[in-house]
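One structure below.
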Amino acid sequence: MTTKKVKGSQAVILSLLEEGVDTIFGYPGGAIMPIYDALYDFDKHVTHILTRHEQGAVHAAEGYARVTGKAGVCFATSGPGATNLITGIADAMIDSTPLVCITGQVASPLLGTDAFQESDVVGISMPVTKWNYQITVPEEIPEVIAQAFYIAQSGRPGPVLIDITKDAQFGELEFQYKKCRKIRSYVPETPVDPFKVKEAADLINTATRPLLLFGQGVIIGNAENELKEFVEKTGIPAAWTLLGLSAMPTDHELNVGMLGMHGNYAPNLLTNEADLIIAVGMRFDDRVTGKVSEYAKKAKIIHLEIDPAEIDKIKKADVAVLGNSKKSLRMLTDNVKENSHKEWLQRFRECDKIEKEKIIDSELFPTKPGLTMGEVIRITGDKTNHEAILVSDVGQHQMVASRYFKFRKPKSNVTSGGLGTMGFALPASLGAQLGAPGRTVIAVIGDGGFQMTIQELGTIAQNKLPVKIIILNNNFLGMVRQWQQLFFDKRYSFTELQNPDFIMIAKGFGIEGHKVEVREDLEKGISKMINHHGPYLLEVVIEKEDNVFPMVPTGASVSDIILEP
């Protein structure tokens, strides 16, 4: 293997190129300046996106990772630059998003002295990273970066942070790069046990009311086709978690809807009637289970999961099948009998009719004067043939968008799940657009979350990214207000917002925009947004006290799902 003498800063860029990195999100500063100086010579080989805030950089890297399946990469300087990444890193950790975050650090002789812009980012980030490491000598750079990509992208993915002191960036080394294929004591993926698969198949073959729950593990494992083949062979109804959305077409006849607090009536209610739950790549999050002691009490549980730590953590599995979902689903399909569960599936359809009459029709085709979130999502979906990438922020609009946008392509849903990070969507949408430049990217954001990362309009404008942004504006922190209305006697404590002129702000960044306040203008406004060449902001003024139903109250059983107030 040939070597060449380079500076540590150059070794960082060369290592990233060896890993096939084509896009980096970041914000320069003193402690990472040598790396940025090295990057100056590689502008033809890699695109650097200057965000307006380090949190914007890490969320953009998440958006890129979610649509490509590759690790997103971001840079930040030491101290406040590094700490500004933490929210996004924590978001990526809980949502299993692969990231490689590289931070600059003060020179190694200054470590621990409270030097200017010094922070212990390794200590701070340890609970929210899959792995982190501090480099103090240049010779370590290629090997550590190779390990970082391997760890971030293998097994259950997650974020990795590498902190590099300034003297290590200036120092020299003989550069050679070898991709990491194995790390001692790190076992990212357990081989699928055929005996466990046979046990699971026996339960499936004898079940009369089985229900499959699929999560993001299906998408991460590229197992969308295997999931479809399994449910079509067995005839088992399948429901999705928030992050499992788009792993199976929304309009598939066996797709019975969304699980969880604001999920669909049928899969929540009938979970407690099922005699078998097959969980694939999901972790029984509290938003899915509600009151755990009352969850799926009549059902045996099969859990297909890559991470051993998730087995029996929330719900005890009768059969646990460890391993990659693509492999385990394929083996399971080979071992199950062809079947149909028409009577059981009919129960879901009966519940669907109830939900449609009580909630969906009035949300999607309202007769009241005020605009609803649901009709905005319905028209947007229809205008894009439901083939766009939908990036949603956190709140009421997130639930409505997930419920009513029909996903027809995989890797089309980008949202913050486990951490619920307001401000996620705007920077994540620009990352998603760069990761999938040939697809339409639509960001659906509430007026509260939009103002948390509003500065990233500058990043979108500077890079001429054709992201379409919809602000659903009710002048409230809507989800918190809904809880205050239902559970705190309408005591609206600090949830009402005095908002700025969003369209004027967008135009200040050079982004076209339009405000819709009446139904007669809505369809035309959405069409104009979608057909506009370049980025566009559409503000839609919606009902101030429009609530999201169904709803499973906190601490209640999923059987206690509320259809209306």
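Just so you know, residue 1 is the first one in the sequence shown, and it goes up from there.
Between K70 and D22 there is a salt bridge, with a side-chain nitrogen of the basic residue lying less than 4.0 Å from a carboxylate oxygen of the acidic one. Looking at K178 and E18, no side-chain N of the basic residue comes within less than 4.0 Å of a carboxylate O on the acidic one, giving no salt bridge. For R283 and D285, the salt-bridge test passes: some basic side-chain N is under 4.0 Å from an acidic carboxylate O.
For F25 and H48, the ring centers sit 6.0 Å or farther from each other. Between F75 and Y36, the gap from one ring centroid to the other is short of 6.0 Å.
Around atom CG of D43, more than 12 heavy atoms belonging to other residues, nucleotides or ligands sit under 6.0 Å away. The environment of OH in Y27 is sparse: at most 12 heavy-atom neighbours from other residues, nucleotides or ligands sit within 6.0 Å. More than 12 heavy-atom neighbours from other residues, nucleotides or ligands sit within 6.0 angstrom of NZ on K130. Within a 6.0 Å sphere centred on OH of Y492, other residues, nucleotides and ligands contribute more than 12 heavy atoms.
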Step-by-step side chain to side chain donor-acceptor pair (under 3.5 Å) determination, T459 to T51: CA-CA 5 Å; T459 311; T51 58; 5.4 Å; no
Verdict with reasoning, I164 to V12, per side-chain contact (heavy atoms from CB on, under 4.5 Å): CA-CA 10 Å; I164 310 177; V12 170; 3.7 Å; yes
Intermediate values then yes/no, side chain to side chain donor-acceptor pair (under 3.5 Å), Y177 and E19: CA-CA 10 Å; Y177 198 81; E19 291 291 342; 2.7 Å; yes
Step-by-step salt bridge (Lys or Arg N to Asp or Glu O under 4.0 Å) determination, K327 to E189: CA-CA 11 Å; K327 296 173 185 175; E189 189 179 311; 2.8 Å; yes
Side chain to side chain donor-acceptor pair (under 3.5 Å) between Q498 and N475, intermediate numbers included: CA-CA 7 Å; Q498 179 179 319; N475 289 101; over 6 Å; no
Stepwise side-chain contact (heavy atoms from CB on, under 4.5 Å) test for I102 and C74: CA-CA 6 Å; I102 295 176; C74 61; over 6 Å; no
Trace of the side-chain contact (heavy atoms from CB on, under 4.5 Å) decision for V144 with W131: CA-CA 11 Å; V144 171; W131 181 66; 3.9 Å; yes
Worked verdict on E62 versus L99 for side-chain contact (heavy atoms from CB on, under 4.5 Å): CA-CA 7 Å; E62 286 186 275; L99 296 181; 4.0 Å; yes
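When all heavy atoms are compared, the tightest approach of A388 to I442 is CB-CD1, 4.2 Å. Of all heavy-atom pairs between G8 and P138, the closest is CA-CB, 4.3 Å. Taking each heavy atom of G56 and P427 in turn, the nearest pair found is O-CB, 3.4 Å. Shown here for P34 and F170, the closest heavy-atom pair between the two residues is CG-CZ, 3.7 Å. Contact record, S119 with G79: OG-CA, 3.4 Å, taken as the closest heavy-atom pair.
Using a 4.5 Å heavy-atom cutoff, the side chains of N413 and F405 are not in contact. No side-chain heavy atom of L16 sits less than 4.5 Å from a side-chain heavy atom of F42. Two residues are said to be in side-chain contact when any heavy atoms from C-beta on lie closer than 4.5 Å; V192 and L322 fail this criterion. Between T241 and Q216 the shortest side-chain heavy-atom distance does not fall below 4.5 Å. Inter-residue side-chain proximity for F407 and L245 is flagged as met; some heavy-atom pair is nearer than 4.5 Å. Here the side chains of L111 and E118 are in contact, with some heavy-atom distance below 4.5 Å. Between H53 and T453, every side-chain heavy-atom pair lies at or beyond the 4.5 Å cut-off. Between Y150 and Y186 there is a side-chain heavy-atom pair separated by less than 4.5 Å.
Between the Q153 side chain and the A71 main chain, a donor and an acceptor come within less than 3.5 Å of each other. Panel note: side chain Q169, backbone A31; a donor-acceptor pair is recorded below 3.5 Å. The backbone N or O of G458 lies less than 3.5 Å from a partner atom in the side chain of R52, making a donor-acceptor pair. Proximity of a side-chain donor or acceptor of D393 to a complementary backbone N or O of M422 within less than 3.5 Å is not detected. Within the 3.5 Å criterion, the main-chain N or O of N473 finds no donor-acceptor partner in the side chain of E539. For the pair D91 (side chain) and L419 (backbone), a donor-acceptor distance under 3.5 Å is absent. Side chain of S416 to main chain of T421: a donor-acceptor pair is present (N/O by atom type, distance under 3.5 Å, no hydrogens or angles). With hydrogens and angles ignored, the 3.5 Å screen pairs no side-chain donor or acceptor of N222 with any backbone N or O of K326.
Looking at T165 and Q105, their side chains never bring a donor and an acceptor atom within 3.5 Å of each other. Looking at Q147 and Y133, their side chains never bring a donor and an acceptor atom within 3.5 Å of each other. There is no side-chain donor-acceptor pair under 3.5 Å between T47 and T23. Side-chain contact check for Q10 and D41: no donor-acceptor pair (N or O, by modelled atom type) lies under 3.5 Å. In summary, the side chains of R439 and S412 do present a donor paired with an acceptor at a separation below 3.5 Å, with no hydrogens or angles considered.
Screening L472, V548, I542 for a side chain to side chain contact (heavy atoms under 4.5 Å, CB included) with V400, the sole residue that qualifies is V548. Checked options I389, I220, I219, L243; the residue passing with R66 is L243 (criterion: side chain to side chain contact (heavy atoms under 4.5 Å, CB included)). Just one residue in the list T77, D163, T83 forms a side chain to side chain donor-acceptor pair (under 3.5 Å) with T103, and that residue is D163.
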